[in-house]
Amino acid sequence: MIRFTKFLLTSVALCSLLSLPARAELDVAKLKTTIEASVENDYPKLDALYKDIHAHPEIAFQEVKTAAKLAAEMRAIGFEVTEQVGKTGLVAIYRNGDGPTIMVRTELDALPMEEKTGLPYASHDKTNWNGRETPVAHSCGHDIHMASWVGTAKTLVGLKDQWHGTLMFIAQPAEEEIAGAKAMLDDGLFTRFPKPDAGFALHDGASAYGTVSYRVGIGSSNQDGLFIRFHGRGGHGAMPQNTIDPVMIAARFVVDVQSVISREKDPTEFGVISIGAIHGGTAGNIIPDSALVVGTIRSFKPEVRAKMLAGIERTAKAVAAMADAPPPDIKLDEGAKAVMNDSAVVATAEKVLKAAFGDKIRTTPPNTTSEDYSEYVNAGVPSMFFNIGVYEPERVAAARKGGPPLPPNHSPLFAPVPKPTIETGVTAMTLAVLSAFDQRARGP
Ligand SMILES: [Zn+2]
Ligand SMILES: [Zn+2]
């Protein structure tokens, strides 16, 4: 049974004296003040950790030093830490009596790109990526997530008389390659360690700091890759009758495949097929032997995704057959699945978050970008994935009125304002986790 004794209202205390059930709501305002004071106190250390990780980023599955820094922080807080789960991932466990297991996830990885923010703690690091020396930068803000993750762990341990159960803090590699969540699961994340009763993750973005946004239901898109090689028979551009022209077949495919979107898919459902590259041929007067088409497929719902994949395959085979060409080689790579927020977890957390953040919390439409947090959801962890802002509210307001646009995630200029962003991350995540413990303790 969870007890928020410090924060019980007097009337509730009286109720328990009178043997009425003590089903006190969380005193969110008081709890928020306590959390904020704790974060303020911890902030100098979190700031140093954030700037160190920001200045020394590591890309997918190379996050060895980053993971070691987080492992040291979590051990100092009192967590039991297992390293190298899913290559470079971490699992940190804190047991605090009987109760549910609540998971909080951060990513560890940065991006293979150059930072151009000019910040005093900007990254100048380079790494070897696909055989090339490449600059590395935390331009997706995963460093903010890591600092918030450590801050949340510290705050929850400080409040351990307020909840009972197990904290399972995981630090995941290679989110940007949509590979790290799967690597951790394949390495026994939910068999070697407890399977969480609920899970949370946050992502930062180019909105105002101090704000929190979330979605009910689908939060991000399914993402699949499309690689189709059309085969023909090469020859002279002046004598097409002696050839089978794969460039013509590829061109027809690029146009016709959009009819899967416009004619086969329900127009009220989200679905996109974009062809980002066509490779074929060398010179204007040579019809090549083959042409490669590369694209991306995005959707929210599994049934829409299945319809689009089937339509793409049928269209590719049909355009080849029309030209009397051999069947094409079709490779549809399964990428990230859509993140589906659990309605019960969201309903519990949103009550607390709304009480804490007032008009600074809002619901938003789903993102058309993708995220491999969905792997944990699909493995059976009911979850809530939410977003926090990183920029000065005045700059965001000015940008909305047509002023200078704010650099988004993956821009070389992406530059969160650390203190208010991390403080919001810790406060929102701590409250979300406490709401889940509280809900579980009360029962359905
Ligand atoms: Zn990213
Ligand atoms: Zn990201």
Side-chain angles (χ1 to χ4, degrees), residues 50 53-54 57-63 66-67 70 86 88-90 104-117 123 125 127 129 134-150 152 170-184 199-207 209 211-215 218-223 225 276 296 298 335-339 341 364 366-377 383-391 406-418 421-422 424-425 428-429:
Y50 168 71
I53 292 174
H54 187 93
E58 295 171 300
I59 58 168
F61 292 127
Q62 297 185 11
E63 314 95 329
T66 309
L70 295 194
T88 44
L90 282 190
V104 179
R105 175 269 224 169
T106 182
E107 317 88 321
L108 291 163
D109 58 328
L111 288 160
M113 61 185 287
E114 190 180 350
E115 176 169 354
K116 295 180 181 168
T117 61
S123 164
D125 285 8
T127 191
W129 188 61
T134 312
V136 198
H138 263 300
S139 307
C140 202
H142 296 177
D143 44 0
I144 290 279
H145 308 170
M146 286 183 255
S148 304
W149 183 84
V150 169
T152 301
I170 67 165
Q172 177 207 306
E175 186 279 330
E176 294 291 354
E177 294 193 352
I178 308 289
K182 191 165 184 316
M184 289 190 85
F200 294 93
L202 59 77
H203 208 297
D204 55 10
S207 50
Y209 59 61
T211 62
V212 177
S213 62
Y214 65 99
R215 297 156 189 100
I218 294 160
S220 67
S221 77
N222 295 305
Q223 172 233 351
T296 190
R298 303 295 170 112
K337 296 280 191 344
V339 175
N341 275 343
T364 52
N367 260 331
T368 59
T369 52
S370 300
E371 166 57 72
D372 71 354
Y373 186 87
S374 52
E375 295 283 342
Y376 310 115
V377 176
S383 293
M384 179 176 184
F385 190 97
F386 61 89
N387 292 73
I388 57 171
V390 303
Y391 288 129
L406 292 166
N409 305 67
H410 290 212
S411 156
L413 300 172
F414 184 68
V417 183
T421 304
I422 293 168
T424 303
M429 189 58 89

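In each ligand, atom 1 is the first atom listed, and ligand 1 is the first ligand listed. Keep in mind that what you see is a predicted model, and the values were worked out from it rather than measured. All heavy atoms count here, side chains included; hydrogens, waters and symmetry mates do not.
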Output for pair (F385 CZ, Y376 OH), nearest 0.5 Å, gives 11.0 Å
Give, for atom NE2 of H145 and atom CG of L202, the distance between the pair rounded to the nearest 0.5 Å. 5.5 Å
Presence of salt bridge, E371 and R105, under 4.0 angstrom: yes
Listed as residue and atom, the protein N/O/S atoms under 2.8 Å from the Zn ion (ligand 1) are C140 SG, E176 OE1, E176 OE2, H410 NE2
How far does CD1 of I422 sit from OH of Y209, to the nearest 0.5 angstrom? 13.0 Å
Test applied, side chain to side chain donor-acceptor pair (under 3.5 Å); reference residue, D109; option that passes from H142, Q62, H138: H142
For E63, side-chain hydrogen bond (donor to acceptor under 3.5 Å, both in side chains) partners two or more places apart: T88
